[in-house]
Amino acid sequence: SFHYFRRSCIDFFYSILFIVFIEKDSKMGNRVKGREKKKSIKAASHSKMGSKRKLSRMGKKQKRNNAGLEATFVGRSKCLKMLQVTIKDFRRLCILKGIYPREPRGKVPGNKKGQTFYHIKDIRAIAHEPILEKFREFRSFMKKIRRSAGRNEKDEAQRKNAICPTYTLHHLVRERYPRFMDALADLDDALTLVYLFAALPSTTSIKSKVISKAKQLASAWGAYCSTAACMTKSFISVKGVYLEATIQSVAIRWIVPHSFTQFMPEDVDYRVMTTFFEFYETLLHFVLFKLYNDLGVRYPLPSLDANGEVKGSTSYILGSNLRNLKNALESSTGAITNVVSEKVEEYTEKSPAAPKKSKEEKKKDKELIKSVGAALNSINEDSDDGEDDEDDNVDVAGPLKAALESMANDQARISIPGGDLAADDEAVKRRRLFAGLTFFLSREVPRGYLELVCLAYGGKVGWEGPNSPIAANDPSITHHIVDRPKLPASFDSLPKSREFVQPQWVLDCSNFMFLLPIAKYAVGQTLPPHLSPWVDHDEEGYKPAYADDIERLRNGESLPLESEAMDAEEDAADIMEEAASEDESAEVEADEDEDESEEEVEEDLSDKKNALEKKKRAANHRQKEEAEAHALAKTMMSRKASHLYGRMQHGIEKKKIKVDNLKNRRREIEHGKQNDPSGKTPLKQKVDRLKKERAAVEKQYSNTGGTMKRSKKRRTET
């Protein structure tokens, strides 16, 4: 009976399974005899499906880190495994290729906070870089050298060292800067780093070869800027000297360090800086080759002998480059200029072929010649007529001035290499600023940037040292630049036709494009504020007093000197004394009429007070109405607009507070200078006042038998 029951249960179970499978097949759409085939629940796959959906349709499990942020951003350790390089070579590759770490937006891949990530496309670009293969060759080459050196095989090591693998970065420069304008726009950091290396001493971290290359590049760049008259702005700060040049309408700004002994910090990785310099060196060679080629000069320039000057100094290299550039321009066809020595007329005589003028320039020249000729003819006619027309004045100043201006502009344009075609009007104005002036730099004055500025603005430069084109006692010197508290006795033998000025005068004149008066920049004088040329006073809302003075000078107004102001104050004091004596004599006569005039004066004062009160009430009422309208408009704003408006008002208020503080400081300084005849600043006056007060307190305390002075004896440690 048990076996029979077991058999019946098994048959029942199989029958139920058969029914279930039959129903499932009918639902899934499998062909069953006698039934229609149903449509599939899942649609057919198509091209618009995402990768995840396709993978789910195919039933394959998606691999980890194959999509999303984990696949887009890769950590540095994984990059090293993919490229099979050391971290040192990977860092060099990233610097040379211009690849920088990326910061993923939002969620961090794998919740790895604080890790450095790179984009997968950048790593794939590095994997196909030819320099990567060169790095691997160099690594295997160094293994061979070390093995030979370890075996004491010196001849074999020297033989292998001669076949060291080398590489160039030319393809990287062309890849990162496809256009010349792109390279010019990215020269700021390159020039700053090059000038920094030129000022550093040679150490174990920085080789002397790198420093000499930096000096050559800096001097070649300075020689071009001074010759092409492209220096536009300059400013001396604590960090260094900021210079700006405009080349093909691109503003390039860099920093020249001060000529001090540089401190070499230990926490700086100089290998990274050297790698940047390696790329910037190639970039600057490309740019300078193109710029010198536009001048018709072959680059690089040949080197000259030192002739008694320190050959490794930056000033010597700059002078040699300028002399080489002069020789190259004189030998090239169509070159009529050099900023270092000769006059413009001598270059025009030497040039074999002068460039042709355009139709507009020829037309202007003809009009000028006609106007000047008409003026001269009118003068001749007036002289022939005799004394009858003596009262008639002939206006010759206008045509002659226009003709002279045109001639000066043509000479300045000719003095710029390629100026007849490429130089703009601003470059011509810059070249004319110091035209006809000769500067002589004293030995304590930094020669580098001052020589660049003077030459770029059309002046001539000499210095106290060897290879100077101008001697110290040359009578043609117009400005002697000195940075000393007073002139030494040896300067008395120099010609009296020159002016002694401080270096700031040159930079201020070049920034304002105006020859400033020398009185404030004389030797031993307190210099006026050195204003930055990159600050827009209208946008800032505050204009310094010295900027206003310069604006008045440019408009033709005259400013009184401090001595004249003092004389005016003394005259005013004398006048006041005379007026006081006259008032005393007139007091007796005035006493009689006082009673009659008091009533009239009181009536006038009461009328004026009433008028002022009415104006104040009207102004207060107007302000209340404006405040109510303002508050009503603010309530009608949305939350976003109200928040934005609040931020705008906060910025305006912050800017206003800053401007008010500057005005208050200026008012305090002017008030302090007026009150103190010695011209001390308010801070110095405060210090002197505190010292006097303390001395008085000490004197009073000393009368009691005690003392407020500190004891010089060392305190014994308990």
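Heads up: numbering here begins at 1 and tracks the sequence. Scope of the values below: all heavy atoms of this structure, side chains included, with no hydrogens, waters or symmetry mates.
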**Report entry** Pair F491-H480, ring-ring contact (aromatic ring centres under 6.0 Å, His included): steps then yes or no
**Finding:** CA-CA 10 Å; F491 281 22; H480 196 130; 5.1 Å; yes
Query raised in the report: Is R498 reaching over with its side chain to a backbone N or O of D474, donor-acceptor style, under 3.5 angstrom?
Result: yes
Query - Euclidean distance, I247 CD1 relative to M231 CE, rounded to 0.5 Å - result: 10.0 Å
Query raised in the report: Is there a donor in the side chain of E244 and an acceptor in the side chain of W254, or the other way round, less than 3.5 Å apart?
Result: no
Query raised in the report: Does C230 reach the side chain of T246, with side-chain heavy atoms less than 4.5 Å apart?
Result: no
Query raised in the report: Do H479 and F500 have side chains that get closer than 4.5 Å, going by heavy atoms?
Result: no
Query raised in the report: Given D549 and R552, is the salt bridge (charged side-chain N to carboxylate O under 4.0 Å, His left out) satisfied, shown in steps?
Result: CA-CA 5 Å; D549 295 344; R552 287 199 293 269; 2.5 Å; yes
Query raised in the report: Does Y195 use its side chain to pair, donor to acceptor, with the backbone of K215 at less than 3.5 Å?
Result: no
Residues 507-515, side-chain donor-acceptor partners within the protein, below 3.5 Å, at least two apart:
residue, atom, partner, partner atom, Å
D508, OD1, H530, ND1, 2.9
D508, OD2, Q504, NE2, 3.1
D508, OD2, Y521, OH, 2.7
S510, OG, V506, O, 3.3
S510, OG, L507, O, 2.7
N511, OD1, S234, N, 3.0
N511, ND2, S234, O, 2.7
N511, ND2, L507, O, 3.2

Report task. Quick one: closest heavy-atom pair of F440 and I470, and the distance? Result -> CE1-O, 3.5 Å
Report task. Taking all heavy atoms of V523 and all of R484, pick out the closest pair and write down the distance. Result -> CG1-O, 3.3 Å
Report task. Kindly assign one of parallel, tilted or perpendicular to the pair W505 and F439, based on the angle between their ring planes and the thresholds 30° and 60°. Result -> tilted
Requested in this report: Would you confirm whether E464, through its side chain, and S442, through its main-chain N or O, come within 3.5 Å as a donor-acceptor pair?
Outcome: no
Query - Minimum heavy-atom distance R447-W463, with the two atoms named - result: NH2-CZ2, 3.1 Å
Report summary line: Of all heavy-atom pairs linking G240 and I255, the shortest is CA-CG2, 4.1 Å
Query raised in the report: When you measure from the side chain of Y457 to the backbone N and O of T232, does any donor-acceptor pair fall under 3.5 Å?
Result: yes
Query - Heavy-atom check, side chain of L437 versus side chain of K460, under 4.5 Å - result: no
Query raised in the report: What closest approach, in Å, do L531 and P544 show between heavy atoms, and which atom pair accounts for it?
Result: CD2-CG, 3.9 Å
**Report entry** Backbone of Q525 reached by a side-chain donor or acceptor of Q502 within 3.5 Å
**Finding:** yes
Query raised in the report: Do F235 and V241 come close enough that some side-chain heavy atom pair is under 4.5 Å?
Result: no
**Report entry** Near-ring test F286/F180, centroid separation under 6.0 angstrom
**Finding:** no
Report summary line: For L452 and G222, the nearest pair of non-hydrogen atoms, with its separation, is CD2-O, 3.2 Å
**Report entry** Test ring-ring contact (aromatic ring centres under 6.0 Å, His included) applied to Y299 and F289, step by step
**Finding:** CA-CA 6 Å; Y299 180 82; F289 178 82; 7.1 Å; no
Query - Donor-acceptor pair, side chain of S468 and main chain of A471, under 3.5 angstrom - result: no
**Report entry** Close side-chain approach of R253 to L191, heavy-atom, < 4.5 Å
**Finding:** no
Query raised in the report: Is the backbone N or O of T203 less than 3.5 Å from a side-chain atom of K207, with the two atoms forming a donor-acceptor pair by type?
Result: no
